[in-house]
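Inspection log for the structure reproduced underneath, given as structure tokens.
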2 protein chains.
Amino acid sequence: MDPMARPVVHTDSVRQELLAAAADLVDREGPARVTLRDVATAAQTSTTAVYSLFGGKSQLLTAVVDDGFRSFRDSQVAAAPDGLRALGLAYRTWALEHQALYRLMFGGALAAYADCRPSPDAAADAMEPLLEAVAAAQSAGTLLVAPVESVATAIWGQVHGLVGLELAQVGSPDTDWEAVFASALDAVARGWGV
Amino acid sequence: MDPMARPVVHTDSVRQELLAAAADLVDREGPARVTLRDVATAAQTSTTAVYSLFGGKSQLLTAVVDDGFRSFRDSQVAAAPDGLRALGLAYRTWALEHQALYRLMFGGALAAYADCRPSPDAAADAMEPLLEAVAAAQSAGTLLVAPVESVATAIWGQVHGLVGLELAQVGSPDTDWEAVFASALDAVARGWGV
DNA sequence: CTTGTTTCGTAACAGTGTTATGGAACAAGG
DNA sequence: CCTTGTTCCATAACACTGTTACGAAACAAG
């Protein structure tokens, strides 16, 4: 009994191909131009696969965002040994290299597209290197002793905000964002340093 | 000759009703839930009016954003006499009161929805009170003398970034954002003060 | 080879932005 | 007053979206 029936084609490898295709489309065309038919075609399968493997478009995009947080966190971890300022610079670099994905992750654009949010843990994990760097600087005596999370969030906000303004192309078109970013990091050091 | 033909119904008042209906829907349901048919129904006209008065959905949303920048600028102008810190507080207040609109204006969400950007002038105008406050503080000797635009952009970035993180609900769910915001403003004062 | 069961590609559905079309509305001339 | 001419706009069609239902395909067992 219990015949094996038709073999499964919607395997985990197809799942990863769909993820890659979706991420690629998001980065190249922006989230609005991502259609399930295009994603399925790029992954050489049908739209049904998205439903059987993810549940729908919003879950697929959520998975893309979660992957983005992992990649972002890796870049933060890699920069962590070089200190706080390196974290800030790595933050901007990653954002500029993955603009569409960055917007999807932090711009709240995803919530606007589909009623879904990335796993809160992903964002928290990405913040971990910063938290550790802040704590280390505090115990090293180079940073004001205040609630770690407050300091880290404020610093994150500074970096995040400047990147956001740069990506939104707000302000004067000929702004030297790199210089502004550098002097903002200086001001952060002065503002939170001992 | 030149008969007057059928009288015009798509007047400027219909245009403003459409704008109001669209802004209302954006604020209540978010940009993704805004459909031309709903907007037209709310304004008691047909979808054609959107095309004859704005050109399409993206232009309608752009107009909503431009209006948002005007409202935002007004709140900044109102807070300007009370100094730099008041500008920051007013910034956050306005953003929290118009979350969906704020995301549309600064989150780059609009570009993701439709291929259009708000008039750059609108954002520049909104920044004017901050520029003046920075310049005033510099000549009063309470702020580091550095390129006004760099200082203003960095400060704007700090405020914008924290608000963005708060709206995106990134970080610990029980974060006391008001306190973080206040201490960040303190750090800005220390970082850029003389 | 038939049967039974599971799987998934195709095609249909509801809803979107956008465009085309035909009727509606009025001034001028008979 | 009616016809005509001209302009305008609401309705209906179109192409495309995410999603769902269906029926054919694929294999094990009898």
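This is a predicted model, so every value here is computed, not measured.
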d(CD, B:Q59; P, C:dG17) in whole Å: 13 Å
4.5 Å side-chain heavy-atom contact, A:W177 and A:R92: yes
A:V9 reachable from A:L60 in the ILVMFWY side-chain graph, under 4.5 Å edges: no
Atom-pair distance (CG on A:L36; P on C:dT16), nearest Å: 17 Å
Single-linkage hydrophobic cluster A:W156~A:V148, side-chain heavy atoms < 4.5 angstrom: yes
Name of the residue among A:D67, A:D66, A:D74 meeting salt bridge (Lys or Arg N to Asp or Glu O under 4.0 Å) with A:R70: A:D67
Mutual orientation of the aromatic rings belonging to A:Y102 and A:Y91 [parallel < 30°, tilted 30-60°, perpendicular > 60°]: perpendicular
ILVMFWY network linking B:L18 to B:V8, side-chain heavy atoms under 4.5 angstrom: no
Position toward the 5' end of DNA chain D (nearest nucleotide), B:T11 or B:R37: B:T11
Polar side-chain contact A:R6-C:dT7 base: donor and acceptor under 3.5 Å: yes
Out of C:dG17, D:dC27, D:dG18, whichever nucleotide has its closest atom nearest the side chain of B:K57: C:dG17
Nucleotide nearest A:H10 (side chain, heavy atoms from C-beta), chosen from C:dG17, C:dC8, C:dC26: C:dC8
Residue of the set A:F106, A:W94, A:F181, A:F72 for which ring pair (Phe, Tyr, Trp, His ring centres under 6.0 Å) holds with A:H160: A:F106
Difference in axis direction between the ends of the helix from C:dC1-D:dG30 to C:dG30-D:dC1, five pairs, 10°: 40°
Touch class at under 4.0 angstrom, heavy-atom based, for A:V39 against every strand present: nothing
Contact list for DNA chain D against residues 42-51 of chain B - heavy-atom distance below 4.0 Å: B:T45, B:S46, B:T48
Nearest-Å distance for atom pair CZ/P, residues B:R33 and C:dG15: 13 Å
For atom CZ of B:F54 and atom P of C:dT18, their distance in whole Å: 13 Å
Linked, directly or transitively: A:L131 and A:F69 (ILVMFWY side chains, under 4.5 Å): yes
side-chain contact (heavy atoms from CB on, under 4.5 Å) assessment of B:L185 paired with B:L89: CA-CA 9 Å; B:L185 289 183; B:L89 295 175; 3.9 Å; yes
